[in-house]
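Nothing here was measured: the structure is a model prediction, and the numbers come from that model. As the structure lists them, so they are numbered: ligands from 1, and atoms in each ligand from 1. Each residue takes its place number in the sequence, starting with 1.
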Amino acid sequence: MAALTLRAALLFIVNLTVGLTLDTILGDRVQFPETEHCSERGAKLQHTLTDESSQTVAHLEDVWKPAYGYEDRMSPNESVILNRSTINDQGLYSVTCGSAVKLIQLNVIISSEKSVTEGEAAGFTFHYFTAGKLERYRVERNKQLVFELDLSSGNTSQGSGFENRTSVAPHWRSDGDLTLTLHGVKPEDRGDYIFHVFKDNKREHVQAVRMRVSPAPNTEDRNPEQITFTPQPPCKEKTALICVSVAAVLLIAVAFYCGQKNPRICGSKVSGGAAAGGAAAGGAAAGGAGTELEMPPYTDTPVPILHK
Ligand SMILES: *[C@@H]1O[C@H](CO)[C@@H](O)[C@H](O)[C@H]1NC(C)=O
Ligand SMILES: *[C@@H]1O[C@H](CO)[C@@H](O)[C@H](O)[C@H]1NC(C)=O
Ligand SMILES: *[C@@H]1O[C@H](CO)[C@@H](O)[C@H](O)[C@H]1NC(C)=O
Ligand SMILES: *[C@@H]1O[C@H](CO)[C@@H](O)[C@H](O)[C@H]1NC(C)=O
């Protein structure tokens, strides 16, 4: 009871006075900025664990030094940096610097990864119980606003650079589907997207997606000079396929003919098999040349691509 009250009091203080909340994606580096401004020897960074006990993370001598258990993730430095965050790092931290105590809330968020091709639309799945009184649904990228939806009025706002490119399905209110669509993805859209809902002024259901943007394929298609060259790979593939088929048919034919005419010689002689293989390969080469001549004109393939 006392512990609960203390925790509630601490969280209240965090919300009221410090308000410093750090988000990190699981496995990423975490820097505690407050530690950089402290030069009091004996200063400490402590992590408050779930049982309200605290564990020292680092202390300041001439530089910040890791405490026991943190040496493999932290090097002595001007500020405290954990090279890799784990899920157990989340929670409340206090920086005791002389007589001043600053509180920091660290959220370690498990993210999913997404790779999107430039120019395409990205869909970020997010569902939440929207039947009831809620405040806002907010999406940020690298801490900047991407999209915000006022869940009571339905008003939306979009961050700079994301104007007219974000949307949620119109039926979000009835089915809670707050999946965000980002249209026309650009290379600069890459980064960490954080999704959450505000309820009673607290963030709920925090989710993260790390998005990578890959370049659009065949950007050179727009160059008319190269139109005649682009269809070549599919044609070669076709030829190869036909070659393999022809070779298979020839092999079967040779084997069949052989088996019918001369089962003993064909069955026992290794050289016979090799010869048959050679013949098949020759046939395949001829077949390949033949099919190449019969190939439909190149323009068959590129026309739909050019017009779409
Ligand atoms: C932490 O990361 C820094 C910078 O990448 C590196 O120089 C340092 O050796 C790392 N320290 C530990 C303990 O892994
Ligand atoms: C020391 O901190 C700086 C930033 O404050 C960082 O760039 C550097 O990688 C850190 N070095 C180590 C060894 O962690
Ligand atoms: C929603 O937007 C409309 C028009 O822009 C505005 O009049 C209204 O006050 C907004 N409502 C809220 C709750 O922000
Ligand atoms: C977004 O759309 C509105 C209305 O169609 C338009 O006035 C505005 O210029 C657009 N903004 C951007 C950044 O494209």
With the criterion set at N/O pairs under 3.5 Å, what does the list of contacts between the protein and ligand 4 look like, atom names and distances included?
unit_1: ligand 4; atom_1: 2 (O); unit_2: N164; atom_2: OD1; d: 3.2
unit_1: ligand 4; atom_1: 2 (O); unit_2: N164; atom_2: ND2; d: 2.2
unit_1: ligand 4; atom_1: 11 (N); unit_2: N164; atom_2: ND2; d: 3.0
unit_1: ligand 4; atom_1: 14 (O); unit_2: N164; atom_2: ND2; d: 3.4

query = Around R165, counting heavy atoms of other residues, nucleotides and ligands shown, do more than 12 lie under 6.0 Å from its CZ?
reply = yes

query = For ligand 1, does M74 get within less than 4.0 Å through its side chain, its backbone, both, or neither, judged by non-hydrogen atoms?
reply = backbone

ask   = What residue pairs, at least two apart or across chains, pass disulfide bond (SG atoms under 2.5 Å apart) with a residue in residues 71-159?
value = C38-C97

request  = Could you list the atoms of ligand 2 found under 4.0 angstrom from a heavy atom of I81?
outcome  = 2 (O)

Non-neighbouring partners of Y137 that pass ring pair (Phe, Tyr, Trp, His ring centres under 6.0 Å), sequence neighbours left out = F126

note = The atoms of ligand 1 lying under 4.0 Å from a heavy atom of E71, numbered in the order shown, are 13 (C)

request  = Would you mind running through ligand 2 and noting each atom that sits below 4.0 Å from a heavy atom of N77?
outcome  = 1 (C), 2 (O), 3 (C), 8 (C), 10 (C), 11 (N), 12 (C), 14 (O)

query = Can you list the atoms of ligand 1 that are under 4.0 Å from a heavy atom of S75?
reply = 8 (C), 9 (O), 10 (C), 11 (N), 12 (C), 13 (C)

query = If you count the atoms of ligand 2 from 1 in the order shown, which ones are under 4.0 Å from a heavy atom of Q31?
reply = 5 (O)

ask   = Does the pair E140/R138 count as a salt bridge with the N-to-O cut at 4.0 Å?
value = yes

ask   = With no hydrogens and no angle check, do the side chains of D177 and T179 hold a donor and an acceptor under 3.5 Å apart?
value = yes

task = State which residues pass side-chain hydrogen bond (donor to acceptor under 3.5 Å, both in side chains) with Q31; sequence neighbours excluded, sorted by chain then number.
result = S79

message = Taking the ring of F147 and the ring of F162, is the distance between their centroids below 6.0 Å?
response = no

key: For D72, the ligand 1 atoms whose distance to one of its heavy atoms is below 4.0 Å   = 13 (C), 14 (O)

ask   = Just checking, is any N or O donor in the side chain of Q55 or Y70 under 3.5 Å from an acceptor N or O on the other one?
value = yes

query = Between D189 and R212, does at least one N-O distance fall below 4.0 Å, as a salt bridge requires?
reply = no

